[in-house]
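Following: one structure in structure tokens, then a few remarks.
Please read these numbers as outputs of a predicted model, since none were measured by experiment.
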Amino acid sequence: AEMFGQLTSGLESAWNKLKGEEVLTKENIAEPMRDIRRALLEADVSLPVVRRFVQSVGDQAVGVGLIRGVKPDQQLVKIVRDELVKLMGGEVSELVFAKSGPTVILLAGLQGVGKTTICAKLANYLKKQGKSCMLVAGDVYRPAAIDQLVILGEQVGVSVYTEGTDVKPSEIARKGLEEAKKKNIDVVIVDTAGRLQIDKAMMDELKDVKRVLNPTEVLLVVDAMTGQEAGVFYVNLELCDESIIKEIGKPIALVTTFNLEIGITGAILTKLDGDSRGGAALSVKEISGKPIKLVGRGERMEDLEPFYPDRMAGRILG
Ligand code: GDP
């Protein structure tokens, strides 16, 4: 299924109900606004986001008539479009680079979200921009993750710093950074261990690694397929209350928790090529306060691009 397919048709049915109306009123938009609300919720958009969104769109719509030949139903499309762009952060959030010395990008995320793949994709992406990159293998709990990083590094022509699994991640990070400085590398991308759920040990380890690296970017890799009904229980209750998770949705609870615990600079959304309903793309910024900077949409090394709120809104509106 197309990611926003259902959302697109749900929104369309809202405008269709307003065809032929000369002005939008509280009364005639009531039913279309319910359609919009339903479509967003079915796309897994976070509940508080949906509430605020619908309120704001409704407020702007009431009283709108024909403007410069554009009919009221089309005006509503424009209001929703602008509001969607705003919701996703407005502008593209570019990666930030250090003014001097290597730029350090620390990647975090749960197991299986596509973090190792993103390390190599990101190196490939930055290499194409003329930057020299080095990968640091900090996932010491899964030897297979280190092997995979080495293989992917070779594939994109980027060196991978490894210390095996017997050295502490913060120590690997320190040594890797030293090595990168020696080699005059522009960007160091540090992979960290993912677990099946957030726990205190994971957070403490990440904090250690972050302290050692003083990274320019701390990016949380989030799987777009993490829906509200995801089977794995993703967030440890010590760190985030269950009722809050229910209310805001798991992907966003994840971003928020990581942000509160270690302080992140943004998120990378992966697996946008899958049959995710897309809600995470719409809610992450508003709830967590942190932008989605990049999106992965496939298993090939080329499948990484900046997150463009306006293009995403365009896709949603079909
Ligand atoms: P990690 O455990 O977070 O390091 O995850 P991996 O990088 O090992 O990826 C887990 C699985 O997801 C692998 O089979 C990847 O090929 C796959 N994967 C990663 N990114 C994407 C993506 O953007 N789209 C799709 N369809 N699959 C992906």
Legend entry - Stepwise side chain to side chain donor-acceptor pair (under 3.5 Å) check, T8 with E12: CA-CA 6 Å; T8 305; E12 251 165 38; over 6 Å; no
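- Once rounded to the nearest 0.5 Å, the distance linking OG of S288 with CG of N259 reads 6.0 Å.
- Taking CG of L219 as the start and CD1 of I292 as the end, the distance is 11.5 Å to the nearest 0.5 Å.
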Distance-only criterion, 3.5 Å: show the donor-acceptor pairs between side-chain atoms of residues 33-40 and protein atoms not counting sequence neighbours.
{"from": "R34", "atom 1": "NH2", "to": "E31", "atom 2": "OE1", "distance (Å)": "3.3"}
{"from": "D35", "atom 1": "OD1", "to": "K17", "atom 2": "NZ", "distance (Å)": "3.4"}
{"from": "D35", "atom 1": "OD1", "to": "R38", "atom 2": "NH1", "distance (Å)": "3.4"}
{"from": "D35", "atom 1": "OD2", "to": "K17", "atom 2": "NZ", "distance (Å)": "2.6"}

Inset, instruction - Please assess M88 against L282 for the test side-chain contact (heavy atoms from CB on, under 4.5 Å), listing each intermediate value before the final yes or no. - result: CA-CA 6 Å; M88 290 184 276; L282 292 171; 3.7 Å; yes
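- Not counting sequence neighbours, R311 has no partner by the salt bridge (Lys or Arg N to Asp or Glu O under 4.0 Å) test.
- Summarising the geometry, atom NZ belonging to K293 is positioned 10.0 Å from atom CD1 belonging to I264; distances are rounded to the nearest 0.5 Å.
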Inset, instruction - Evaluate side-chain contact (heavy atoms from CB on, under 4.5 Å) for V64 paired with L76, printing each intermediate quantity in order. - result: CA-CA 8 Å; V64 164; L76 181 61; over 6 Å; no
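- Remark: the backbone N or O of V70 is not paired with any side-chain donor or acceptor of Q74 at under 3.5 angstrom.
- Rounding to the nearest 0.5 Å gives a distance of 9.0 Å between CG of L213 and OG of S170.
- With a 6.0 Å cutoff to the six-membered ring centre and a 45° limit on the axis angle, K131 counts as a cation-pi contact of F97.
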Legend entry - D73 vs E21, side-chain contact (heavy atoms from CB on, under 4.5 Å): CA-CA, chis, key distance, verdict: CA-CA 7 Å; D73 60 312; E21 296 285 355; over 6 Å; no
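- With rounding to the nearest 0.5 Å, the separation of CZ in R51 from OG in S56 is 15.5 Å.
- In this structure, S283 contributes its side chain and A280 its backbone to no donor-acceptor pair below 3.5 Å.
- Looking only at side-chain heavy atoms (C-beta outward), L87 and K285 stay at 4.5 Å or farther from each other.
- Using a distance-only test at 3.5 Å, with no hydrogens or angles considered, a donor-acceptor pair links the side chain of K210 to the main chain of I262.
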Inset, instruction - Please test L317 against L11 for side-chain contact (heavy atoms from CB on, under 4.5 Å), starting from the C-alpha separation and ending with a verdict. - result: CA-CA 7 Å; L317 295 181; L11 292 174; 3.9 Å; yes
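- A search for side-chain contact (heavy atoms from CB on, under 4.5 Å) contacts involving K181 returns P102, L177, not counting sequence neighbours.
- Proximity of L304 to V295: side-chain heavy atoms (C-beta onward) are nowhere separated by under 4.5 Å.
- Between the side chain of D273 and the backbone N or O of D303, no donor-acceptor pair lies under 3.5 Å.
- A heavy-atom distance below 4.5 Å is not found between the side chains of V221 and L269.
- In this structure, I118 and L107 have side chains that are in contact, with non-hydrogen atoms separated by less than 4.5 Å.
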Inset, instruction - Take K175 and E179 through the test salt bridge (Lys or Arg N to Asp or Glu O under 4.0 Å) and record every step on the way to the result. - result: CA-CA 6 Å; K175 287 184 171 170; E179 175 86 1; over 6 Å; no
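- V212 forms part of no hydrophobic cluster, judged by ILVMFWY side-chain heavy-atom separations under 4.5 Å.
- Contact annotation: the side chain of K290 never approaches that of T265 to less than 4.5 Å [non-hydrogen atoms, C-beta and beyond].
- Between the side chain of D204 and the main chain of A201, no donor-acceptor pair closer than 3.5 Å is present.
- Under the side chain to side chain donor-acceptor pair (under 3.5 Å) criterion, K168 pairs with no residue at all, not counting sequence neighbours.
- T25 places a side-chain N or O within 3.5 Å of a backbone atom of N28 that can act as its donor or acceptor partner.
- Taking the side chain as every heavy atom from C-beta outward, V62 and L24 never approach each other to under 4.5 Å.
- In this structure, the separation between CZ on F258 and CG on L206 is 6.0 Å, given to the nearest 0.5 Å.
- For E178, the side chain to side chain donor-acceptor pair (under 3.5 Å) test picks out R174, with sequence neighbours left out.
- Taking the side chain to side chain donor-acceptor pair (under 3.5 Å) definition, one finds that R81 meets it with nothing, sequence neighbours left out.
- Contact check on R52 versus E286 returns a salt bridge, with a Lys/Arg side-chain nitrogen under 4.0 Å from an Asp/Glu carboxylate oxygen.
- Remark: S9 engages no residue in a side-chain contact (heavy atoms from CB on, under 4.5 Å) (not counting sequence neighbours).
- Residues I105 and V187 are in side-chain contact: their nearest non-hydrogen atoms beyond the backbone lie under 4.5 Å apart.
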Would you list the atom pairs, donor with acceptor, under 3.5 Å between side chains in residues 143-158 and any protein atom, with sequence neighbours excluded?
none

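- Residue pairs satisfying the side-chain hydrogen bond (donor to acceptor under 3.5 Å, both in side chains) criterion with at least one member in residues 85-96, sequence neighbours excluded, are absent.
- Looking only at side-chain heavy atoms (C-beta outward), L126 and L95 come within less than 4.5 Å of each other.
- A donor-acceptor pair under 3.5 Å is absent between the side-chain atoms of Q6 and the main chain of E42, judged by distance alone.
- Residue L294 is tested with L122, V92, T270 for a side-chain contact (heavy atoms from CB on, under 4.5 Å); the sole match is L122.
- Residues meeting the side chain to side chain donor-acceptor pair (under 3.5 Å) test with T103, sequence neighbours left out: none.
- Among residues at least two apart or in separate chains, side-chain hydrogen bond (donor to acceptor under 3.5 Å, both in side chains) pairs with a member in residues 112-130 are K115-D191.
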